[in-house]
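Beneath this line is the structure, given in structure tokens, with notes to follow.
These numbers come from the heavy atoms of this one structure, side chains and all, not from hydrogens, waters or symmetry mates.
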Amino acid sequence: MNTIIKSELGEYLYLAMGECNGHKVVMGIGYTYEYADKKAKQFEAASCGAVQYLDISVVKTGDKWKFRTISKIPE
């Protein structure tokens with residue numbers, strides 16, 4: 001789902017998720033979708049292909065479970 005959530009700053013956290021050696025890992029965290037995406041792309045480039053950027057999980061601040069998954073921003 002490619003819906004960007006319009007919310008108050010700090011209401012949601014955006015966790016850019018990737019895959020490394022068969023494990024799902026967090027590559028970047030941000031209060032905005034764009035910042036998490038930017039950090040994950042930097043992480044993917046710095047890892048020289050060892051970590052593949054998959055998508056972004058949206059978590060409501062204070063919750064333990066994912067609210068939504070959204071796609072990464074296309075190049």
Side-chain angles (χ1 to χ4, degrees):
M1 183 177 271
N2 277 339
T3 306
I4 296 177
I5 300 166
K6 298 293 181 188
S7 62
E8 294 291 320
L9 185 62
E11 185 177 357
Y12 292 95
L13 290 174
Y14 297 86
L15 286 71
M17 305 301 291
E19 184 177 334
C20 180
N21 297 326
H23 296 282
K24 197 158 188 182
V25 297
V26 177
M27 299 173 69
I29 300 172
Y31 285 116
T32 66
Y33 170 73
E34 294 82 7
Y35 184 77
D37 181 76
K38 172 184 158 184
K39 297 316 278 183
K41 288 176 179 172
Q42 290 173 350
F43 191 118
E44 185 176 47
S47 75
C48 299
V51 183
Q52 180 186 8
Y53 179 22
L54 301 174
D55 55 30
I56 296 179
S57 294
V58 182
V59 178
K60 188 167 176 75
T61 303
D63 283 352
K64 294 182 180 181
W65 313 113
K66 177 172 48 174
F67 171 73
R68 181 179 288 164
T69 299
I70 50 182
S71 299
K72 61 184 181 178
I73 298 172
E75 297 293 327

Fill in the blank from the handout: Closest non-hydrogen atoms of Ala36 and Ala16, given as atom of the first, atom of the second and distance, are O-CB, 3.5 Å
Exercise for the section: Please check if Ile73 and Tyr12 belong to a single hydrophobic cluster, counting links between Ile, Leu, Val, Met, Phe, Trp and Tyr side chain heavy atoms closer than 4.5 Å. Expected result: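 Per the 4.5 Å side-chain linkage, Ile73 and Tyr12 are co-clustered.
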Let me have the donor-acceptor pairs involving side chains of residues 55-63, under 3.5 Å, with sequence neighbours excluded, atom names and distances please.
from: Lys60; atom 1: NZ; to: Glu11; atom 2: OE2; distance (Å): 3.2
from: Thr61; atom 1: OG1; to: Gly10; atom 2: O; distance (Å): 2.5
from: Thr61; atom 1: OG1; to: Glu11; atom 2: O; distance (Å): 3.1

Problem - Any pair counted as side chain to side chain donor-acceptor pair (under 3.5 Å), so long as it reaches residues 39-53, sequence neighbours left out - result: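 As it turns out, the side chain to side chain donor-acceptor pair (under 3.5 Å) pairs with a partner in residues 39-53, which skip direct neighbours, are Asp37-Lys41, Asp37-Tyr53, Lys39-Gln42.
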Handout entry: Under the side chain to side chain donor-acceptor pair (under 3.5 Å) test, residues paired with Lys38 that sit two or more places apart
Key =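 Side chain to side chain donor-acceptor pair (under 3.5 Å) list for Lys38, sorted by chain: empty.
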Under 3.5 Å, which donor-acceptor pairs link side chains of residues 20-27 to any protein atom two or more places apart or in another chain?
none

Handout entry: Residue pair Tyr14 / Ile29, side-chain heavy-atom distance below 4.5 Å
Key = no
